[in-house]
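Beneath this line is the structure, given in structure tokens, with notes to follow.
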2 protein chains.
Amino acid sequence: MTIPLTVEFAAGGQGAWMIDRIVPVFGEALPPASRLAIGAAPLAPAGSIAWRLRGTVSNARYTHRSEMTELATRQEGLGRPGSRRAALIPIRKNAAWWALAQDERRAIFEEQSRHIRIGMDYLPAVARRLHHSRDLGEPFDFLTWFEFAPGEESRFDAMLGRLRETAEWRFVEREVEIRVNLDQ
Amino acid sequence: MTIPLTVEFAAGGQGAWMIDRIVPVFGEALPPASRLAIGAAPLAPAGSIAWRLRGTVSNARYTHRSEMTELATRQEGLGRPGSRRAALIPIRKNAAWWALAQDERRAIFEEQSRHIRIGMDYLPAVARRLHHSRDLGEPFDFLTWFEFAPGEESRFDAMLGRLRETAEWRFVEREVEIRVNLDQ
């Protein structure tokens, strides 16, 4: 994959992933839809699109070298045959977060909240790809895509619960959880 | 100004700024044009467009709190009546830069290269606004816009010379200098 790569998530009547549920965690939800398509933006126009979100796979913004090295040895890629469950989690942080300096955001993100460290606890079970949306004028700042086996779903839920209790999450003003599967 | 704000720079036959010269510093130049227009993207279509570049005014990526505070007390905004000279400097860094971790990029940027510190030496004479282009699929990663009085031009040139001698600049693979004025 050549980065930066802009990816589109399109919910509607078409797409490989069946949508189980769309849950508003903070703020407004997204409209209901039955399927989710993912591809290089812009996707071919599909019949009925309920919503589209775009984000760019880009460089790391907070991760230090020691963390990148550890992640590289432990994480696995998208598209594993056993990864028949997935989640798309769009997030928008508030203006206070974006007004912080880089060292302040890093300290909240990792030294206080252990965001990278918490994610490590679920490797390699949960594969992940982050897409940056803020600079594209999108309604969310980030779109994170997670893939895992059906048997890992309760651990994935536990990971989300731990992240949402952190200091970092006090800056989240909108979050939606879109849970999908390949099995229905 | 509400950020993120995507700004377009359009060179052609229209625009408030007269183009003095377009100098390729590293890599390929940009086509010649007589005037430069700047505005919220997308600009209205003008008669003859030689090239367009877009970038988003967004959050700080390397600047620490102590540096942001010092910058805020010393820098002045764009559009000062005396700022009748300006420069647009689009830059693209190489793949090795973008593969670095956040702490490695910050160390090269400031602890080794003193990028912020060098810029401080020219405040408030040189006003500056950075636009991020990499995630937009643009040919450059950054567009920096500088404004200054005619009498400050040689000091502005000296600042560019100091920056180009730094360790950070070894990662620059394309740089073009577009010098413009309001006086012709």
Side-chain angles (χ1 to χ4, degrees), chain A residues 1-8 40-42 53-73 92-111 115-116 129-143 171, chain B residues 1-8 40-42 53-73 92-111 115-116 129-143 171:
Chain A
M1 189 177 68
T2 302
I3 66 167
L5 172 72
T6 300
V7 174
E8 185 170 297
L53 296 172
R54 290 178 312 137
T56 304
V57 182
S58 185
N59 57 292
R61 306 290 162 96
Y62 300 108
T63 318
H64 288 183
R65 169 53 55 196
S66 58
E67 295 154 349
M68 282 182 77
T69 302
E70 186 172 352
L71 287 167
T73 63
R92 187 175 67 228
K93 286 179 174 169
N94 63 20
W97 173 263
W98 293 112
L100 293 173
Q102 177 68 28
D103 56 338
E104 294 172 315
R105 278 182 277 107
R106 160 71 198 193
I108 295 168
F109 179 86
E110 189 59 21
E111 281 70 31
H115 188 133
I116 297 167
R129 191 170 71 189
L130 178 63
H131 312 75
H132 295 270
S133 298
R134 176 171 152 83
D135 288 356
L136 306 185
E138 288 278 306
F140 294 93
D141 295 332
F142 311 100
L143 313 174
F171 295 90
Chain B
M1 188 178 70
T2 302
I3 66 168
L5 171 72
T6 300
V7 174
E8 184 169 298
L53 295 172
R54 291 179 310 138
T56 304
V57 183
S58 184
N59 57 292
R61 306 290 160 97
Y62 299 108
T63 318
H64 287 183
R65 170 50 56 195
S66 57
E67 295 154 349
M68 282 182 78
T69 302
E70 187 173 351
L71 287 168
T73 64
R92 187 175 66 228
K93 286 179 174 169
N94 63 20
W97 173 263
W98 293 112
L100 293 173
Q102 177 68 28
D103 56 339
E104 295 172 314
R105 278 182 277 107
R106 159 72 197 190
I108 295 167
F109 179 86
E110 191 58 22
E111 280 71 31
H115 188 133
I116 297 167
R129 190 170 72 190
L130 178 63
H131 311 75
H132 295 270
S133 298
R134 178 171 150 85
D135 288 357
L136 306 185
E138 288 278 308
F140 294 94
D141 295 334
F142 312 100
L143 312 174
F171 295 91

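Since this is a predicted model, take the numbers as computed values, not measurements. Each chain gets a letter, A, B and so on, in the order its sequence line appears, and its residues count up from 1.
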Within the 4.5 Å heavy-atom criterion, are B:Glu70 and B:Ile116 side-chain neighbours or not?
no
NZ/NE/NH1/NH2 to OD/OE distance under 4.0 Å, A:Arg61 and A:Asp141
no
Classify the ring geometry between A:His115 and A:Phe109 as parallel (under 30°), tilted (30 to 60°) or perpendicular (over 60°).
parallel
Residue A:Ala95 versus chain B: region with a heavy atom under 4.5 Å:
neither
Top contributor to chain B contacts, counting heavy-atom pairs under 4.5 Å, from A:Ser66, A:Ala99, A:Gly137, A:Ser58
A:Ser58
Non-hydrogen atoms of chain B under 4.5 Å away: do they reach the side chain of A:Arg105, the backbone, both or neither?
side chain
Tested for side chain to side chain contact (heavy atoms under 4.5 Å, CB included) against B:Gln102, the lone hit among A:Gln102, A:Met68, A:Arg65 is A:Gln102
Looking only at heavy atoms and a cut-off of under 4.5 Å, which of A:Asp135, A:Leu136, A:Thr56 has the most pairs with chain B?
A:Asp135
Quick one: are A:Glu110 and A:Glu67 in side-chain contact, heavy atoms under 4.5 Å?
yes
Given heavy-atom pairs under 4.5 angstrom as the criterion, report whether the side chain, backbone, both or neither of B:Thr63 touches chain A.
backbone
